[in-house]
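Please read these numbers as outputs of a predicted model, since none were measured by experiment.
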Amino acid sequence: MIKVTLHNGTVREYPAGITVLEILAECAGRLKKEALAALVNGTVCDLAKSLTEDAEVHFLTFDDEAGRDVYRHSSSHILAAAVKRLFPETKLGIGPAIKDGFYYDFDRPDSFTPDDLDKIAAEMRQIIKEDLPFERFELEREEALAYFDKLGEVYKVELIRDLPQDAVISCYRCGDFVDLCAGPHLPSTGKVKAFALLSLAGAYWRGSEKNPMLQRIYGTSFPKQSMLDKYLAHLEEAKKRDHRKLGRELDLFSIQDEGPGFPFLHPKGTIIRNELEAFWREEHRKAGYDEIKTPIILNRELWERSGHWEHYKDNMYFTKIDDLDYAVKPMNCPGAMLIYKTKMHSYRDFPIRLAELGLVHRHELSGTLHGMMRVRAFTQDDAHIFMLPSQIKEEVKNVIALTDKIYNVFGFDYHLELSTKPEKAMGSEEMWDMATGILREVLEERGLPYVINEGDGAFYGPKIDFHLQDSLGRTWQCGTIQLDFQMPEKFDLTYIGEDGQKHRPAVVHRVIYGSLERFMAVLIEHFAGAFPVWLAPVQAVVLPISEKHYEYARQVLEKLQNAGIRAEADLRNEKIGYKIREAQVQKIPYMLVAGDKEIESKTVSVRHRSAGDLGTFDLDSFLIRVREEIVNKV
RNA sequence: GCCGGCAUAGCUCAAUGGGUAGAGCAGCUGAAUCGUAAUCAGCGGGUUGGGGGUUCAAGUCCUCUUGCCGGCUCCA
């Protein structure tokens with residue numbers, strides 16, 4: 001007999017060899033129906049797992065991340081099984097669960113078409129209907145190699161070869177379909193209730209551009225149709241908020257064939273941009289930063305000195321001036337270093353915080369361009385902080401606090417990642433260890449949760465990245481804090497210490513918005529174009545009922561504009577409903593309706609884009625309300 | 001850059017198996033002077049992304065090219 005401790009703490013005795021499924025059968029309630037897999041002594045297992053010794057068993061449902069992964073992973077096997085039935089010559093890649101679904105990579109001479117996707121989905125429904133069990137079996141290494149080699153599954157063979165010698169090689173059978181797979185899986189295909197195949201895309205085998213490109217089919221699945229519907233509606237909502245669509249509809253920016261990756265900001269987009277910059281300048285002034293501007297084009301020698309020529313050349317644009325090589329800056333740091341070097345510095349001056357809204361150009365691969373999220377020219381809200389090594393922690397903490405303050409104004413949640421030394425890096429191992437250690441200590445002292453992003457640091461130093469989460473739960477990397485001991489060396493930066501000797505300062509590079517272009521794109525999607533009043537390109541629009549109210553509308557407009565409100569008046573010969581619709585579509589926060597009644601009482605009827613009719617206001621009290629919203633950035 | 005798809009009026013989309021480009025919205029003109037998400041009527045607007053080819057004939061087929069979209073890789 002063995003002792004099994006269940007999720008609710010109860011301990012029961014069972015004969016050795018009993019399966020988790022059999023234990024589950026004795027459990028009451030929803031669990032019996034909803035359990036997808038189990039956590040046995042902390043390891044995710046099939047429900048068919050048999051227990052041979054004392055164990056702690058937790059059942060996993062779709063509410064658990066691990067449970068969802070099992071569900072989606074099994075869904076991907078059903079996809080692969082369907083593809084193999086319909087296109088037997090297809091070779092299999094891998095098919096894992098991902099954040100909101102799953103994918104499977106396939107290799108076959110012909111491309112899948114959208115029609116094929118429908119056929120595959122139909123076959124998947126058939127497989128689900130057949131309710132085939134997922135059966136696990138294990139093979140010896142040589143057996144497994146021979147087995148998959150015989151099937152012509154070259155990718156599976158490669159995977160097995162790369163497994164450690166002593167690894168257990170497990171496979172899952174599902175009807176006629178057998179796949180190399182660590183598992184675990186659902187008991188049977190019938191467990192998958194609702195699924196959708198979402199898209200078709202190319203993907204390099206094992207993620208390397210040196211490898212062949214496979215065809216990836218993305219899908220998702222849920223235990224209830226209503227959950228799938230909700231997810232699909234969520235995708236629709238995201239599509240509606242797409243900043244590229246809203247950017248055009250709200251006349252904020254455009255990207256033209258004449259400049260791929262080089263966005264044009266229209267008047268309304270420029271207002272938002274300027275507001276973001278004004279807010280940024282104000283906060284940085286308060287936080288003790290000085291602002292600088294450095295040139296966009298600088299000579300080759302500078303970029304060789306900074307290491308960019310060697311480490312970043314592929315992403316840079318070049319030009320010649322009087323037969324000498326120049327480069328368009330991809331980063332702002334060298335310029336800041338040169339300003340630092342224009343004079344002697346004392347330890348008493350530190351920290352020196354030089355901020356720069358710097359326009360950088362980077363040659364990004366054409367296939368990666370995406371609206372204003374991923375462009376080839378963007379403005380970083382950069383700053384370089386020069387300081388004593390002993391001031392690093394304090395300064396990094398200050399940057400974290402400033403970033404937190406700024407993100408909060410927009411209502412963003414965020415999480416942190418610590419990125420460590422990349423393969424292509426400058427500087428010694430010790431320097432990296434020390435720098436990474438400092439960042440880690442800061443995070444830990446502040447009690448901030450973070451995840452490690454191995455090998456993702458800048459070539460000159462490790463970094464803390466801020467990934468902010470928008471109103472749809474998507475994350476975007478924006479802010480970053482990078483610790484750098486390389487540039488001070490390369491540029492021979494010095495300061496005079498207490499001892500009268502020259503010393504090497506430490507440098508932190510950091511951005512908060514990241515790039516103004518990307519940040520603006522994130523804001524557009526986050527607010528779905530309905531910007532808070534302080535950012536709204538048009539804050540209020542005056543809507544006269546008919547021509548005889550135009551004069552009054554003009555007076556109201558003038559008062560608003562004199563009070564510093566960005567206001568317009570809609571003096572077109574249209575009905576009020578039409579004007580309101582237009583203002584709503586443009587997501588203008590306030591609509592001020594002016595007709596006979598309002599002229600009579602010297603008021604305006606205020607309609608808010610989301611709250612609707614707010615009633616009549618005399619203009620002064622409306623102004624107080626709006627100004628307050630603007631000042632408080634609500 | 002790679003894989004796949006797409007490209008028709010400012011926008012969203014039509015155009016039988018090749019047979020000489022059409023609608024709604026927007027725009028312009030006019031009428032209606034109107035109370036909280038679209039008043040009515042009329043008008044203009046396109047070398048079908050660009051080059052080359054097949055054909056009596058190409059928006060439609062082939063080819064090259066540019067851009068966009070979905071991914072991969074990369075990244076602020």
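Residue-level contact check: A:Y578 touches the backbone only, with heavy atoms under 4.0 Å from sugar-phosphate atoms and none from bases. Backbone-only engagement by A:G577 is indicated by non-hydrogen atom pairs under 4.0 Å involving sugar-phosphate atoms exclusively.
For the contact set between residues 513-525 of chain A and RNA chain B, defined by any heavy atom under 4.0 Å, the members are A:G514, A:S515, A:R518.
Electrostatic pairing of A:E236 and A:K240 does not count as a salt bridge here, judged by no charged N lying under 4.0 Å from a carboxylate O.
Side-chain N/O atoms of A:K463 include one lying less than 4.0 angstrom from OP1 or OP2 on B:A76. OP1 or OP2 of B:U12 lies within a sub-4.0 Å distance of a side-chain N or O belonging to A:R248.
When the C1' atom is used for both B:G18 and B:C13, the distance is 22 Å, rounded to whole Å. Comparing B:G53 with B:U12, their C1' atoms sit 33 Å apart, to the nearest whole Å.
Side chain A:E598 to base B:G35: a donor-acceptor pair is found below 3.5 Å. The base of B:C75 is not paired with the side chain of A:R362 by any donor and acceptor separated by under 3.5 Å.
Summarising the base pairing, B:A41 is matched to B:U29 through a Watson-Crick or G-U wobble pair whose two defining distances lie under 3.5 Å.
Residue ring and nucleobase are stacked for A:F378 and B:A76, with a centre distance beneath 5.5 angstrom and an angle between planes beneath 30°.
Taking every side-chain heavy atom of A:N573 into account, B:A32 is the closest of B:G70, B:C11, B:A32. Taking only side-chain atoms of A:E547, from C-beta outward, the nucleotide of B:U33, B:G70, B:G67 with the closest atom is B:U33. Distances from the side chain of A:S366 to the nucleotides B:G1, B:C34, B:C2 place B:G1 closest.
Between A:K91 and A:V154 the shortest heavy-atom distance is CD-CG2, 3.7 Å.
In this structure, A:E364 places its CD atom 14 Å from P of B:C68, rounding to the nearest Å.
When the shell of 6.0 Å around CD of A:E600 is examined, it contains 12 or fewer heavy atoms from other residues, nucleotides or ligands.
Distance alone, capped at 3.5 Å, places no donor-acceptor pair between the A:E454 side chain and the A:T420 backbone.
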Show your reasoning for whether side chain to side chain contact (heavy atoms under 4.5 Å, CB included) applies to A:S254 and A:F264.
CA-CA 5 Å; A:S254 60; A:F264 289 66; 3.7 Å; yes
